[in-house]
2 protein chains.
Amino acid sequence: MASIKDVAREAGVSTATVSRMMANKGYISEEARAKVEAAVKKLGYRPNRAAQQLRNPGSHIIALIVSDIQNPFFGELCRAVETFAQKRGFCVFVCNTDENPEKERRYLELVGQEQVAGVIISPSSQGLAPIQKLQQQGIPSVMVDRQVSSGFDAVLGDNIRGAHILTRRVLKSGYRRIAGIFGKNSFTADERLAGFEAALEENDQQALSIQRVPAFEAEGRKAMERLLITNEKPDAIICSSALIATGAYRAIHAAKLSIPEAIGFACFDDPTWATFVKPELTVIQQPASMIGETAAELLMKRIADKTRPPSLIRLEGSLIERGSLR
Amino acid sequence: MASIKDVAREAGVSTATVSRMMANKGYISEEARAKVEAAVKKLGYRPNRAAQQLRNPGSHIIALIVSDIQNPFFGELCRAVETFAQKRGFCVFVCNTDENPEKERRYLELVGQEQVAGVIISPSSQGLAPIQKLQQQGIPSVMVDRQVSSGFDAVLGDNIRGAHILTRRVLKSGYRRIAGIFGKNSFTADERLAGFEAALEENDQQALSIQRVPAFEAEGRKAMERLLITNEKPDAIICSSALIATGAYRAIHAAKLSIPEAIGFACFDDPTWATFVKPELTVIQQPASMIGETAAELLMKRIADKTRPPSLIRLEGSLIERGSLR
DNA sequence: GTGAAAGCGCTAACAA
DNA sequence: TTGTTAGCGCTTTCAC
């Protein structure tokens with residue numbers, strides 16, 4: 001790999017001139033410029049980033065650390081972040097932690113070393129310490145989807161309100177034996193559960209049953225099956241995520257229960273299959289793109305001004321009424 | 001940020017000793033080790049990657065450049081690559097090009113500068129030049145899902161054979177007016193089309209109609225609608241991807257055509273909704289995880305030995321027979 | 001408008 | 001076992 005010295009020699013100028021020319025800084029005679037350009041081309045010279053970074057730390061890279069790259073929510077979020085960042089001249093590196101705190105720690109450390117301009121992260125519950133370290137290094141960061149501590153920038157879905165709205169909608173249809181299947185060890189599931197219970201309480205109701213399970217399809221199915229063999233069966237179900245809903249729906253289907261008559265069904269997220277089943281599913285759609293874009297924008301602001309006070313932004317999802325509730 | 005000098009001074013040793021200690025190289029007395037460790041902790045010292053990289057180029061990062069991070073196929077592939085790479089002590093940065101050759105060029109250049117250990121890429125059709133540049137820089141790379149040129153490592157789905165199998169299956173059911181809706185400007189769609197036509201020809205048939213459209217749901221729907229208003233309607237449809245199939249299926253549904261009697265339906269990919277519709281969809285499932293893992297493994301091999309001859313690996317998908325064909 | 005030279009933080013000979 | 005030193009490739013004064 002040709003270095004700046006090689007170019008300087010080839011062009012018959014000093015390295016300083018080459019450097020100035022590469023960075024478009026300072027004065028350069030047309031003659032020198034032409035010579036350097038020719039040499040650069042001839043040698044296929046590309047400045048060494050490591051050396052540049054050693055001299056002037058910083059980069060135009062944003063790290064986006066997500067907990068599950070296969071989750072369509074994060075897919076949509078990634079895309080939104082990317083699009084916004086590109087517009088501002090930043091590139092995005094996406095890292096997948098698989099909800100694994102150890103991987104998360106590794107990636108956080110890695111991006112710290114790589115001197116990224118900022119990081120957007122959906123932190124695991126144990127993620128506070130590494131993020132604080134990031135702050136200490138002076139690397140701007142914003143959390144998305146989950147908040148592990150206040151005092152940092154964060155962009156979240158309004159889970160409580162979303163659950164509240166969805167639950168009220170279920171009640172409005174006259175369902176009274178309402179069961180919920182919610183994720184376990186999950187920030188969003190906790191919030192959604194809180195909204196669910198609050199809405200119930202405000203209407204002097206209480207949940208028939210609340211199942212908390214790992215957010216996998218199989219678990220959603222098992223939970224639903226459990227619900228279906230009890231003496232007092234639920235007449236409506238709320239699921240806290242698409243994966244859980246997928247399993248729960250299959251169980252209902254297998255039991256040949258008619259929706260919405262025998263049982264009402266509603267969930268968070270809006271998977272493709274929601275409009276393929278009959279009746280179609282009533283859901284709270286998460287504003288994933290909006291969250292991503294907002295987070296990217298917030299990060300840019302913090303990069304520009306590290307002293308601004310942290311903001312917490314809540315973005316509302318929308319209730320999409322289809323036919324799975326009476 | 002504390003530097004190695006600060007640590008050396010604090011510990012009362014030379015920078016060389018600190019360096020050796022950080023890298024676990026060479027001999028260090030217990031005493032020195034303890035002093036350095038204390039100083040490191042006290043100062044919160046972290047080696048500067050840029051400086052390290054300047055001295056010893058290279059990293060343990062793999063770049064995974066995908067054309068559409070929202071596509072579940074790539075989601076699954078990412079995860080597989082990640083899992084394999086982590087096992088070998090590598091981290092993965094995922095970049096999303098959105099099928100945009102300009103973004104692709106930028107990312108390829110970026111990861112070249114960042115001196116990643118290797119790159120796995122699903123290249124756009126214009127992606128040859130930047131990849132060759134990568135090779136010149138000596139950065140190992142392997143292509144997945146698409147091949148833009150031979151002479152490089154590549155791991156691909158066996159699209160031709162997959163389409164061949166699927167088409168034969170359609171023929172076996174006695175369908176004879178078979179139409180195909182295939183992606184446009186797409187390597188995989190081209191291959192699938194070739195397999196489709198070959199299978200037809202081998203059975204002395206020919207396609208009733210071949211639609212080539214951008215791979216979006218709306219386009220799939222429009223193509224299907226077009227097919228449905230012709231005089232001679234197809235009695236079976238093959239779609240080259242999930243997104244196209246989604247739209248096509250909606251059009252069939254809207255037209256109240258019964259599957260598989262009035263019209264047979266089959267497609268590539270295995271979206272969640274494939275088992276939510278009745279009858280469930282017969283599909284060719286792509287071996288996304290397998291492709292990802294194989295690509296990661298191949299990349300490791302090339303990193304270890306840059307002179308090995310390039311391999312081209314074709315991985316078969318599996319025909320999943322459900323009820324959408326007679 | 002240009003060049004000489006110092007130095008970013010680190011590592012690897014080599015000498016002690 | 002440890003320290004001294006040179007230098008990785010680049011940018012940036014500062015003097016010419």
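Sequence lines set the chain letters: A, B, ... in the order given, protein chains first and strands last, and positions in each chain run from 1. Reckoned from all heavy atoms, side chains included, excluding hydrogens, waters and symmetry mates.
Using a 4.0 Å cut-off between charged nitrogen and carboxylate oxygen, A:Glu109 and A:Arg105 count as a salt-bridge pair. Salt bridge status for B:Arg79 with B:Glu82: absent, with no side-chain N to carboxylate O gap under 4.0 Å.
Side chain of A:Ala51, nearest nucleotide from D:dG9, C:dG9, C:dG1: D:dG9. The nucleotide whose nearest atom lies closest to any side-chain atom of A:Arg55 is, among C:dT11, D:dT4, D:dC10, D:dC10. Side-chain atoms of A:Ala16 lie closest to C:dG3 of the nucleotides C:dC10, C:dG3, D:dC10. Closest contact between the side chain of A:Ser3 and the listed nucleotides D:dT4, C:dC10, D:dG9 involves D:dG9.
Where A:Ile4 and B:Gly12 each meet DNA chain D at their nearest nucleotide, the meeting point lying more 5' is that of B:Gly12.
For D:dC10, neither phosphate oxygen OP1 nor OP2 lies less than 4.0 angstrom from any side-chain nitrogen or oxygen of A:Lys5. Listed pair A:Lys25 / D:dT12 meets the phosphate criterion, a side-chain N or O lying under 4.0 Å from OP1 or OP2. Contact between the side-chain N/O atoms of A:Thr15 and the OP1/OP2 oxygens of D:dT11 is not found at any separation under 4.0 Å. An OP1 or OP2 oxygen of D:dT2 is reached within less than 4.0 angstrom by no side-chain nitrogen or oxygen of B:Thr17. The phosphate of C:dA12 has OP1 or OP2 within less than 4.0 Å of a side-chain N or O from B:Asn56. Side-chain N/O atoms of B:Gln52 include none lying less than 4.0 angstrom from OP1 or OP2 on C:dG9. Contact annotation: B:Tyr27 does not reach the phosphate of D:dG3 (side-chain N/O to OP1 or OP2, under 4.0 Å).
Using a 4.0 Å heavy-atom cutoff across all strands shown, A:Val18 reaches no nucleic acid atom at all. Across all strands, A:Pro57 comes closer than 4.0 Å to no nucleic acid atom at all (heavy-atom distances). Counting non-hydrogen atoms under 4.0 angstrom, A:Ala23 reaches nothing in the nucleic acid.
In this structure, B:Arg49 places its CZ atom 11 Å from C1' of C:dC10, rounding to the nearest Å. Spacing between atom CD of B:Gln113 and atom P of D:dG9 amounts to 16 Å, rounded to whole angstrom units. The CD-C1' distance, from A:Glu30 to C:dG1, rounds to 12 Å in whole Å. If you measure from atom CG of B:Leu54 to atom C1' of C:dT11, you get 10 Å, rounded to the nearest angstrom. With rounding to whole Å, B:Gln115 atom CD is found 10 Å from D:dG9 atom P. Regarding B:Met22, its CE atom lies at a distance of 15 Å from the P atom of C:dG9, rounded to whole Å. The distance from atom CG of B:Asn48 to atom P of C:dG7 is 18 Å, rounded to the nearest whole Å. One interatomic measurement links the two molecules: CZ of B:Arg20 to P of C:dA12, which rounds to 10 Å at whole-angstrom precision.
The one candidate from B:Ile121, B:Val144, B:Ile120, B:Val94 that meets the side-chain contact (heavy atoms from CB on, under 4.5 Å) condition with B:Ile65 is B:Ile121.
Side-chain polar atoms of B:Gln137 and A:Arg46 form no donor-acceptor pair below 3.5 angstrom. In summary, the side chains of A:Glu76 and A:Ser289 do present a donor paired with an acceptor at a separation below 3.5 Å, with no hydrogens or angles considered.
For B:Gln86 (side chain) and B:Val92 (main-chain N/O), no donor-acceptor pair under 3.5 Å exists by modelled atom type.
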